[in-house]
Amino acid sequence: MRITVFGANGPTGRLLTGQALAAGHEVAAVTRQPDSFPLHDDRLEVVGADVLDPGAVDAVVAGRDAVLSTLGVPAGKEPITTYSRGVANIVAAMERHRVRRLAVVSSTGVDPHPYSDGGFLFNRVLLPYVTRVLGKTLYDDMRRMESLIQSTDLDWTIVRPSGLYHLPSVTDYTVVEGHADGRFTAREDLAASMLALLDDDRYVRTTIAVITTTDNPTLFEWIRGEALAKS
């Protein structure tokens, strides 16, 4: 397939691009910093473009079979609109060029639930702080993004990971419609789950959660290695 990946230069986007190339797809990797993109392949086109630029988005969506978005921005107190405005441009371009398949990374933080293995510190302290204070503007914009996608007639899937971390390779991850009782998602699994959607119609027009059930970090390891990391 001919795939466009938005957010391709982020940690998950790079993994997704690499996995897509390994699977034989042609990939247009969209990033605002094309000179820093580390992957090279005959079937890879690295496109310097901003998802907030409607004309640039239109150009990289035209003629594609599917669009995958791993857009990500840091949480902060200032209003965030990258998710909703960016996806609005993507959706408009897909409708204009009759590209049907769309998969977009969101987050379980959009609709947080206590976790059976979370314990008091995670469920009553960390989770509310991250979703209601630290990441409030981010999750608000993700909700706007999800609502926009759900109102379209595209063949969309919204993919919600939990706390992201790195593993050496893809695991036997779990995909669940709606909420999944798992606190962590390896980026390798998130990328693999998005790529698998291209060959699987079960989750069209559905919101899914992706969780990793092996080699999870401890809460302290995750906070130290991921939650406090700028990347």
Side-chain angles (χ1 to χ4, degrees), residues 1-8 10 12-28 61 63-72 83-84 86-88 90-91 93-95 97-113 115-116 139 142-165 167 169-216:
M1 298 179 70
R2 302 186 72 225
I3 302 166
T4 296
V5 177
F6 287 93
T12 302
R14 291 180 178 183
L15 291 167
L16 176 57
T17 300
Q19 291 180 11
L21 292 169
H25 300 295
E26 296 181 21
V27 182
V61 168
R64 296 286 160 171
D65 300 308
V67 176
L68 307 177
S69 173
T70 60
L71 290 173
Y83 296 100
S84 57
V87 166
I90 292 170
V91 166
M94 292 180 68
E95 290 175 341
H97 295 288
R98 299 182 180 181
V99 181
R100 297 291 307 167
R101 194 66 174 105
L102 172 66
V104 175
V105 172
S106 183
S107 171
T108 55
V110 167
D111 184 25
H113 293 259
Y115 293 93
S116 60
Y139 293 120
M142 282 188 170
R143 292 185 189 97
R144 290 190 290 269
M145 174 187 72
E146 289 195 3
S147 295
L148 187 154
I149 292 169
Q150 290 165 350
S151 70
T152 73
D153 292 326
L154 299 176
D155 295 333
W156 54 264
T157 305
I158 294 169
V159 184
R160 292 178 176 174
S162 293
L164 293 168
Y165 69 109
L167 283 178
S169 59
V170 177
T171 76
D172 187 17
Y173 58 86
T174 299
V175 175
V176 177
E177 290 191 29
H179 173 70
D181 190 20
R183 291 185 291 159
F184 301 106
T185 308
R187 290 184 177 91
E188 291 74 10
D189 291 344
L190 175 58
S193 70
M194 294 190 72
L195 193 62
L197 291 172
L198 300 181
D199 299 315
D200 189 346
D201 293 334
R202 287 179 297 168
Y203 302 114
V204 169
R205 304 182 65 79
T206 302
T207 298
I208 62 173
V210 179
I211 58 171
T212 300
T213 56
T214 60
D215 296 323
N216 289 164

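Heavy-atom basis, side chains included; hydrogens, waters and symmetry copies ignored. Everything quoted here is computed from the prediction, not taken from an experiment.
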At their closest point, which heavy atom of Gln19 faces which heavy atom of Glu188, and how far apart are they? NE2-O, 3.3 Å

Are side-chain heavy atoms of Pro161 and Thr108 found at a separation under 4.5 Å? no

Let me confirm one number: the CD1-CZ distance from Ile158 to Arg205, rounded to the nearest 0.5 Å. 10.0 Å

Nearest-0.5 Å distance that lies between atom CD in Gln150 and atom OG1 in Thr152: 9.0 Å

Walk me through whether Glu146 and Arg160 qualify under salt bridge (Lys or Arg N to Asp or Glu O under 4.0 Å). CA-CA 11 Å; Glu146 289 195 3; Arg160 292 178 176 174; 2.7 Å; yes

Any sub-3.5 Å donor-acceptor pair from Arg101's side-chain atoms to Leu154's backbone N or O? no

What residues, two or more places apart in sequence or in another chain, satisfy side-chain contact (heavy atoms from CB on, under 4.5 Å) together with Thr171? Leu167, Tyr173, Asp189, Thr212, Thr214

Against Leu102, only a single residue in Leu68, Val91, Asp155 fulfils side-chain contact (heavy atoms from CB on, under 4.5 Å); can you say which? Val91

Taking Ala28's backbone N and O only, do any of them form a donor-acceptor pair with Thr4's side chain (distance below 3.5 Å, no angle check)? no

Closest heavy-atom pair, Tyr115 versus Ala180, reported as atoms and distance to 0.1 Å, is CE2-O, 3.5 Å

Okay, side chain of Arg143, backbone of Val110: is any donor-acceptor separation there less than 3.5 Å? yes

If you compare all heavy atoms of Val176 against all heavy atoms of His179, which two are closest, and at what distance to 0.1 Å? CG1-O, 3.6 Å

Distance in Å, Leu15 CG paired with Ser169 OG, rounded so as to fall on 0.5 Å steps: 11.0 Å

Do side-chain atoms of Ser193 reach the backbone of Ala191 as a donor and acceptor pair under 3.5 angstrom? no

How many angstroms lie between CG in Asp111 and CE in Met142, if you round to the nearest 0.5 Å? 13.5 Å

In Asp215, Thr185, Asn216, the residue satisfying side-chain hydrogen bond (donor to acceptor under 3.5 Å, both in side chains) with Tyr165 is Asn216

Could you walk me through whether Leu190 and Val159 pass the side-chain contact (heavy atoms from CB on, under 4.5 Å) check? CA-CA 8 Å; Leu190 175 58; Val159 184; 3.6 Å; yes

State, to 0.1 Å, how close Ala66 and Val99 come at their nearest heavy-atom pair, and which atoms those are. N-CG1, 4.0 Å

Reported CD-to-CE distance for the pair Glu26 and Met1, which is rounded to 0.5 angstrom: 11.5 Å

Using every non-hydrogen atom in the two residues, find where Thr70 and Ala8 come nearest and quote the distance to one decimal. OG1-N, 4.3 Å

Roughly how far, to the nearest 0.5 Å, is CZ of Arg64 from NE2 of His25? 12.5 Å

Do Thr157 side-chain atoms and Tyr203 backbone N/O form a donor-acceptor pair below 3.5 Å? yes

Testing Ile3, Val61, Val5 one by one against Val67 for a side-chain contact (heavy atoms from CB on, under 4.5 Å), which residue passes? Val61

Check whether any side-chain N or O of Ser151 sits under 3.5 Å from a backbone N or O of Leu148 as a donor-acceptor pair, and report yes or no. yes

Thr207/Trp156 under side-chain contact (heavy atoms from CB on, under 4.5 Å): CA gap, chis, key distance, verdict: CA-CA 9 Å; Thr207 298; Trp156 54 264; 4.2 Å; yes

Kindly give the heavy-atom pair with the smallest separation between Leu195 and Ala23, and that separation in Å. CD2-CB, 4.2 Å

